[in-house]
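Here is the structure we will look at, set down as structure tokens.
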Amino acid sequence: MRFDLSETQQLLKNTARKFLQAECPMAEVRRLMETETAHDPVLWSKIAAQGWTGIVFPEEYDGLGLGMVELAATMEEMGRALMPGPYLATVPMAGVLLDAAASAAQKRKYLAPICRGEARAAVFEGGLFAQDLGVADYLIQADRRNGALELVLWPASAVAAKPMPALDLTRRLYEVAITNPAAGELLARGSEAQAALDHMYDVATTALVAEMLGGMQRVLEITVEYAKTRKQFGKPIGQFQAVQHLCADMVLLVETTRSAAYYAAYALQEKLPEAREAVSIAKSYASEAYREVGNRGIQIHGGMGFTWENDLHLYYRRAKASEILFGDATEHRERIARLVLGG
Amino acid sequence: MLYDPEACGQSAQIAAPGTKPFNKRISRQWYDDRFGTTRMDLNLSPPEIQFRDELRAWLEQNLPRNWKQEHAALGAMEEKFAYLRRWQKKLYEGGWVGVAWPKDYGGRGASLIEQVILIEEMARASAPPVANVLGVGLVGPTLIAYGDDAQKKRFLAKILSGEEIWCQGFSEPNAGSDLAALGSEARRDGDHFILDGHKVWNSYGWAADWCAMLVRTDPQAPKHKGLTYLLVDMHSPGVRVRPLRQMTGESEFSELFFQNVRVPAENVLGRVNDGWNVAISTLMHERNTLGANLHIVFKRQFDRIVELARANGKAADPLVRQKLARCRADIEVFRLTQMRAITRVNQSGVPGPEGSILKIFWSEFNQRFQQVASEILGPYAQLTGECEHSPDEGQWAYGFLRARGNTIEAGTSEVQRNIVAQFVLGLPKSY
Ligand SMILES: Cc1cc2nc3c(=O)[nH]c(=O)nc-3n(C[C@H](O)[C@H](O)[C@H](O)COP(=O)(O)OP(=O)(O)OC[C@H]3O[C@@H](n4cnc5c(N)ncnc54)[C@H](O)[C@@H]3O)c2cc1C
């Protein structure tokens with residue numbers, strides 16, 4: 001029994017960190033968030049070259065064929081770097097849905113280009129928005145028609161994407177309208193479609209939690225650094241217990257979230273019977289923890305924490321968007337309750 | 001080999017869908033060659049499984065079937081304790097106490113993981129606890145780390161068999177969180193120390209044959225530098241034990257008075273005036289190992305309160321469902337964080353300050369949990385064991401009160417947060 005990233009996984013994670021420090025520093029994040037889509041084709045081609053766009057997909061579709069834990073470790077680093085753009089929408093969402101639901105021919109046509117970094121995609125299941133639809137080459141829609149769930153793929157040319165201004169500037173939300181109803185291609189129907197969709201949400205939620213973990217870790221580090229250098233009353237503010245205890249709470253929240261995130265990834269990878277519960281535990285926990293870490297980080301920065309130029313609000317915005325995405329803490333707790341209490 | 005600039009971003013333009021793939025993209029082969037193929041693995045290894053199965057078979061043969069009734073039927077605290085001592089003797093004869101201790105001292109040289117398996121299996125089988133909780137959990141490991149051969153021979157086997165019960169004499173009326181300010185003094189007198197002092201909050205003090213004490217041996221030295229870790233025979237002349245009644249009504253702990261007690265110099269553990277370092281080792285064990293079975297205890301209580309919530313209809317109340325689901329998540333998060341901590345200690349060999357994170361988490365969780373339980377039980381929550389209407393013989397009323405001690409014992413939550421801030425994060429000391 002060894003509950004930790006393996007050496008291989010740790011190496012992958014370290015590499016991802018170095019890559020992102022070099023290719024996606026904070027200045028780049030800020031540049032991209034001022035653009036129309038927050039997506040950079042050059043950065044995208046670089047992450048594709050790292051293998052990340054195909055990380056969990058079979059080699060026969062040009063993927064890397066790694067597992068959930070590797071995906072989680074990589075996304076943790078993306079969250080730490082606050083990497084902008086459509087990775088979440090394309091890989092853990094659309095890609096996983098294609099992998100689970102599409103035919104071999106469809107996978108060759110749609111999944112393989114995602115793996116190779118040539119295409120991006122988005123997912124829409126009713127609701128308010130589709131994330132990063134504005135830069136997607138196709139949209140997968142989960143739709144209830146004629147009494148059955150259908151997964152339908154639409155080319156970008158058949159979809160109108162209207163940007164919605166929202167808190168997180170690094171990942172964009174779009175209203176969805178299908179403009180050419182004849183252009184859809186059916187991927188799966190009925191129980192098969194439902195199973196694929198459920199699986200996608202498990203994977204994407206876990207990937208998101210790992211990404212949230214990386215963000216929390218970074219907020220903690222930025223804050224502790226500040227507490228060591230900022231002086232008031234002649235000493236570093238990190239010497240005041242009121243500040244120390246807020247920092248200690250942050251460590252606790254980060255480390256416990258790490259346990260929940262890694263376990264959810266492991267449970268999915270190993271197809272453990274408790275995987276679904278583990279995912280909901282992780283998401284309910286992380287949804288509150290990331291926000292709480294952000295609250296404390298901003299408080300410890302004083303007035304600086306409230307400025308636009310300070311990076312914390314960028315993480316805080318991501319924290320809020322992530323809290324809402326795929327169900328907030330309350331929603332996931334009700335799912336846990338259904339598993340434990342029934343009803 | 002880390003981030004390979006050559007492998008990333010050779011081609012800056014993106015190709016249109018359907019065109020040929022990048023030739024510089026990382027392949028699985030490339031990945032495996034550079035990074036290796038190891039994976040996270042939470043499964044027990046074959047020796048760990050063998051260990052567990054052997055233990056299960058032994059428990060099957062030896063666990064008294066209805067020990068809870070037998071134990072409850074015994075009246076006095078002393079009789080109940082004697083029952084647990086007999087059980088520990090039996091465990092010891094089977095080789096199931098202190099399994100991670102070296103073979104020479106009565107252990108099995110098992111890994112920390114195996115020790116945790118033992119703790120979990122015992123909890124799962126609802127086996128009785130051992131009598132010598134502090135001896136096995138705290139004093140023994142400290143003796144193994146700091147004791148000389150003669151001390152290990154003299155004390156360890158009797159700790160395991162339960163023949164000698166231990167308590168811990170650290171806290172004093174004027175030295176709690178500020179433990180190093182303690183005033184109990186031991187003066188050198190030839191090949192003995194003469195001990196005078198007053199200790200308080202000593203769990204098992206009333207039952208103990210020996211006390212692991214922290215005392216001052218150099219009043220002139222700075223407070224952390226003049227302390228010595230002393231092993232004191234509780235049957236020596238001049239030792240007096242006074243039971244202390246807790247808010248729960250029991251007398252789980254005591255107050256100890258020492259007057260002119262003669263302690264042989266060979267009972268110093270570690271070096272004279274180096275007691276602080278020895279004591280820290282004990283405290284780390286306290287935070288790391290004493291919690292190993294807690295997630296199972298919590299889970300059992302959780303399953304029971306779920307049963308009660310179903311029975312009284314509260315399980316359908318959305319607010320109660322939220323609260324119970326949060327407890328479920330917290331128990332699981334605690335279990336998992338503990339697994340990660342155990343993995344780390346198993347590799348490094350020593351418990352670290354991260355144990356403080358676990359201590360804060362479980363103690364504060366239990367207070368929230370007991371509150372949720374009492375909300376579910378409504379008016380029944382306040383009934384104590386003597387009442388026939390009381391759910392589970394008053395366990396919940398007791399648990400509600402007992403949980404207040406959790407954030408105080410083994411170092412308060414405030415002190416644990418100081419430790420995390422200073423030793424995990426490297427923030428400057430606040431005092
Ligand atoms: C059930 C139980 C069992 C116990 N068993 C044992 C035992 O077997 N052996 C033994 O030696 N002791 C035992 N103790 C004692 C325990 O270790 C002490 O009670 C504890 O360390 C706190 O010390 P104190 O009671 O003197 O409180 P104090 O130190 O006086 O603390 C009072 C309050 O001040 C706060 N405080 C103190 N210092 C600081 C600081 N630097 N920063 C911030 N806040 C601070 C505390 O957090 C607390 O809220 C036990 C206690 C309990 C409740």
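Order of the sequence lines fixes the chain letters, A, B, ..., with proteins taken first and strands second; residue numbering starts at 1 for each chain.
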Please look at B:Leu324 and chain A and tell me whether the side chain, the backbone, both or neither of the residue comes under 4.5 angstrom of a heavy atom of that chain.
side chain
So for B:Lys429, is it side chain, backbone, both, or neither that comes closer than 4.5 Å to the heavy atoms of chain A?
backbone
If I measure from the heavy atoms of chain B, does A:Glu288 come under 4.5 Å with its side chain, its backbone, both, or neither?
side chain
Check whether A:Ile114 gets within reach of chain B through its side chain, its backbone, both or neither, counting any heavy atom under 4.5 Å.
neither
Is it the side chain or the backbone of B:Tyr31 that comes within 4.5 Å of chain A heavy atoms, both, or neither?
side chain
For A:Glu221, is it the side chain, the backbone, both or neither that has a heavy atom under 4.5 Å from a heavy atom of chain B?
neither
Part of A:Gln239 lying under 4.5 Å from any heavy atom of chain B:
both
Measuring heavy-atom distances to chain B, does A:Glu277 have an atom under 4.5 Å in its side chain, in its backbone, in both, or in neither?
side chain
Is it the backbone or the side chain of B:Gln422 that comes under 4.5 Å from a heavy atom of chain A, or both, or neither?
side chain
Please flag which part of B:Glu332 lies under 4.5 Å from any non-hydrogen atom of chain A: side chain, backbone, both or neither.
side chain
Side chain, backbone, both or neither: which part of B:Arg310 has an atom under 4.5 Å from a heavy atom of chain A?
side chain
Are a donor atom and an acceptor atom from the side chains of A:Ser259 and B:Thr337 found within less than 3.5 Å of each other?
yes
Cut-off 3.5 Å, side chains only: do A:Glu70 and A:Gln269 have a donor facing an acceptor?
no
By number, which residues in residues 334-343 of chain A have some heavy atom less than 4.5 Å away from chain B?
A:Glu334, A:Ile336, A:Ala337, A:Arg338, A:Val340, A:Leu341, A:Gly342, A:Gly343
Would you please say whether a donor-acceptor pair under 3.5 Å links the side chains of A:Gln241 and B:Arg417?
no
What part of B:Tyr431 gets closer than 4.5 Å to chain A, counting heavy atoms only: side chain, backbone, both or neither?
side chain
Non-hydrogen atoms of chain A under 4.5 Å away: do they reach the side chain of B:Thr37, the backbone, both or neither?
backbone
Per-residue contact mode, A:Ser284 against chain B (heavy atom under 4.5 angstrom):
side chain
With a 4.5 angstrom heavy-atom cut-off, could you sort out which part of A:Arg108 is near chain B: side chain, backbone, both or neither?
neither
